[in-house]
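Note sheet for the following structure.
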There are 2 protein chains.
Amino acid sequence: MADVARAAGVSVASVSNYLNHRPYMTEAMRARIAAAVADLGYQVDAAARNLRSGQTRLLKLSIPDLRQLYFAELAEDFLAQARAHGYGVIVESTSNNRDRELESVRSMGTRLADGLILSPQLMTHGDEPMLAGDWPLVVLGERLFDAPAPHVAIGNRAGAKAVVRHLLAAGCRRIAVVGGVRAALPARPAAVGLPGAPAGAPAELSSGVVRTRAFLDAMREAGAPVDARLIAEPEGWGSQDGRRAVRRLLDAGERFDAVFALNDLLAWGVLRGLRDRGLRVPEDVRVVGFDNLDESAAMSPSLTTVDPHRRQIARLAVESLLAQIEEGRRAPAGTIEVPASLVCRESSPAR
Amino acid sequence: MADVARAAGVSVASVSNYLNHRPYMTEAMRARIAAAVADLGYQVDAAARNLRSGQTRLLKLSIPDLRQLYFAELAEDFLAQARAHGYGVIVESTSNNRDRELESVRSMGTRLADGLILSPQLMTHGDEPMLAGDWPLVVLGERLFDAPAPHVAIGNRAGAKAVVRHLLAAGCRRIAVVGGVRAALPARPAAVGLPGAPAGAPAELSSGVVRTRAFLDAMREAGAPVDARLIAEPEGWGSQDGRRAVRRLLDAGERFDAVFALNDLLAWGVLRGLRDRGLRVPEDVRVVGFDNLDESAAMSPSLTTVDPHRRQIARLAVESLLAQIEEGRRAPAGTIEVPASLVCRESSPAR
DNA sequence: CTGAAAGCGCTAACAA
DNA sequence: TTGTTAGCGCTTTCAG
């Protein structure tokens, strides 16, 4: 910087002012500095700027796994949002590993990033103290625990309601839920230890619980009965799991005229499972997913699914985070729920 | 750090030594410092460390688009590799935007990251000077231009060869290539402006050209004839494009007993396109893809495809980059090709 | 083995 | 408006 100042015949302070787009500077000086910068090919040293300014213009995004299309698409939306605001993003994939999840939180103390967008998967009640602090934080996904920070949530209720309304209007009476969690049924009130759930229930199950409840509520509101036998609990949330789950339903002799798969991958598998058994979609069975992945629009039949509006989720989360960074402190806890909406395609057309 | 030193009754230098795991320190002192660090909840300030040490322990990964499953899976492998070495990763998605691609290179001058892994998509001949410099760099993907840095390449030739061998051994005689580029045919030598290619041919096309050539070479080596009419050029490289391309072939009355789709998404579409027309896979037509995406193993029929060994690509790229960082300078240009191999599944079983 | 002290390159008070 | 200067928190000689 000193070199630039010398070359331009000004002080380093002026160079700094120029570099930081500060006003009150003669056009002549601005031009001279610009020339010197170009001449010398000068670029600000990020480390020095970070140290002095106390900011890095870097955000950290902590998500379970980029290989899950949902998170890849979400991450892409975050990168775009962050860039729009001049921020870079350190992506951390926690691979469904609790320690890594905690570590990515703990390391915020080094102030490598100005704020964290955390999509917790395995943190649970009791971990709240880990998140204590005044550094900017936004939590994503289901509310697994009472994080002391703003929480941007998927509109599970709105989504489930739209699905139920759509399917009932289409004349469906027996709706199977693939990815559902039986323990969420009112008869057996929300279990403490969900069956098969490791300590610190994974968000897969949690998403399952939340969406199952949302579905049940929507059905109740609509006055439609729910048959517990149609709630299929797959082993995981991949397409193979959906395929197996729907086959099991069929093998058990269950009859249904619609399947609500609680995420798109499950729905992809359901589509395959139904085809395996010679059932036509949507004629024999309608299928609705949840996530609205890009590929879901491209498949055959194209998938009717709930669009959680990822882009808006990303926008709200980044905006909240930047506001916190600006303020210099954590915003109060509170949930911002982005209403989800239904996208009707071939697997369950609007009419 | 001064606080820690005071609390432990030692000098800041000793604290620094402790924090950086330097040897020659009495066990007692180590323990005292550890206690003080724990007591005060001290964490190193990254900005200060970066400034002083001249390193950030951050890598930058610049890829076209996380929504493309291939890159998402690749990115995940990079994150894992980087973490294994104690590095974080700034992910930059260039969205097929040449300016962003160049910008992500240019910004390396700020030394925010210690090195760059660049998967160029739109840079082209003439852009080499942009990459000049002594900072650590590894280029990924097809060799679009002569980057002055190590280049980790996908084993297109080995992959194509394995596919050709496999299909010929299975008795296939008319192999369609979806995603192929006619201009790569020897009759019309490599065109300067590929049809439909914007200036600075996108890597999609380049991958297409490279893989088409690899296929043609493999066919020639095997003494098998190639029918130019079976080279289908889709509009893009998504599943929809594959579906349309195979339909067009069928509509044109072409007959073929195998399809080599130059990436998995195209192959997914080909599978659908064939099903649309009542053709069975693999009985009527065998289908082979390229990429070995996770989901390709889960679909129905599961996809036979070329595995580029992404994990190894990530490992080699990160290792080269870290070696450069260690050395303090750019490694010489040169290509490391990771041999690809075939994974046989239902869409074209081994026998 | 331990401690004192000199900066790393920049920003922001403050003075002019 | 522009220039001078004191650190930001850490690492790393170099003496002891």
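Lettering follows sequence order; numbering is per chain, from 1. What you see below is based on every heavy atom in this structure, not just the backbone, and it leaves out hydrogens, waters and symmetry mates.
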Quiz item: Whole Å only: how far is the CE atom of B:Met1 from the C1' atom of D:dT11?
Solution: 7 Å
Quiz prompt | A:Trp135 six-ring face occupied by A:Arg330 cation (under 6.0 Å, within 45°) | solution = yes
Quiz item: Looking only at side chains, do A:Thr110 and B:Gln43 share a donor and an acceptor under 3.5 Å apart?
Solution: no
Self-check item: Donor on one side chain, acceptor on other, B:Glu103 and B:Ser107, under 3.5 Å
Solution: no
What pairs of donor and acceptor atoms, side-chain ones from residues 83-92 of chain B against any protein atom, are under 3.5 angstrom apart with sequence neighbours left out?
from: B:Arg83; atom 1: NH1; to: A:Ser93; atom 2: O; distance (Å): 3.2
from: B:Glu92; atom 1: OE1; to: B:Lys60; atom 2: NZ; distance (Å): 3.3

Exercise. Kindly say if A:Ser53 contacts the phosphate of D:dC8, meaning a side-chain N or O under 4.0 Å from OP1 or OP2.
Key: no
Quiz item: If you pin B:Arg111 and A:Asn17 to their nearest nucleotides in DNA chain C, which one's is more 5'?
Solution: B:Arg111
Quiz prompt | Salt-bridge contact B:Asp45-A:Arg111 (side-chain N to carboxylate O under 4.0 Å) | solution = yes
Exercise. Just call it for B:Asn50: base, sugar-phosphate, or nothing, with non-hydrogen atoms closer than 4.0 Å on any strand.
Key: nothing
Practice problem: Among the candidates D:dT1, D:dG9, D:dC10, find the nucleotide nearest to the side-chain atoms of B:Tyr42. | Solution: D:dC10
Quiz item: Are any of A:Arg49's side-chain N or O atoms less than 4.0 Å away from OP1 or OP2 of C:dG9?
Solution: no
Quiz item: Quick one: bend of the helix from C:dC1-D:dG16 to C:dA16-D:dT1 from 5 pairs per end, to 10°?
Solution: 30°
Exercise. Using a cut-off of strictly less than 4.0 Å, decide whether A:Tyr18 has a side-chain nitrogen or oxygen near OP1 or OP2 of C:dT11.
Key: no
Close N/O contacts between protein and nucleotides 4-7 of chain D (under 3.5 Å):
from: D:dG7; atom 1: N2; to: A:Arg52; atom 2: NH1; distance (Å): 2.8
from: D:dG7; atom 1: N3; to: A:Arg52; atom 2: NH1; distance (Å): 3.2

Quiz item: A:Met29 has a side chain; which of C:dG9, D:dT2, C:dG3 sits nearest to it?
Solution: D:dT2
Quiz prompt | Ionic contact status for A:Asp77 with B:Arg67, cut-off 4.0 Å | solution = yes
Quiz item: Which listed nucleotide (D:dG3, D:dC10, C:dC10) is nearest to the side chain of A:Val10?
Solution: D:dG3
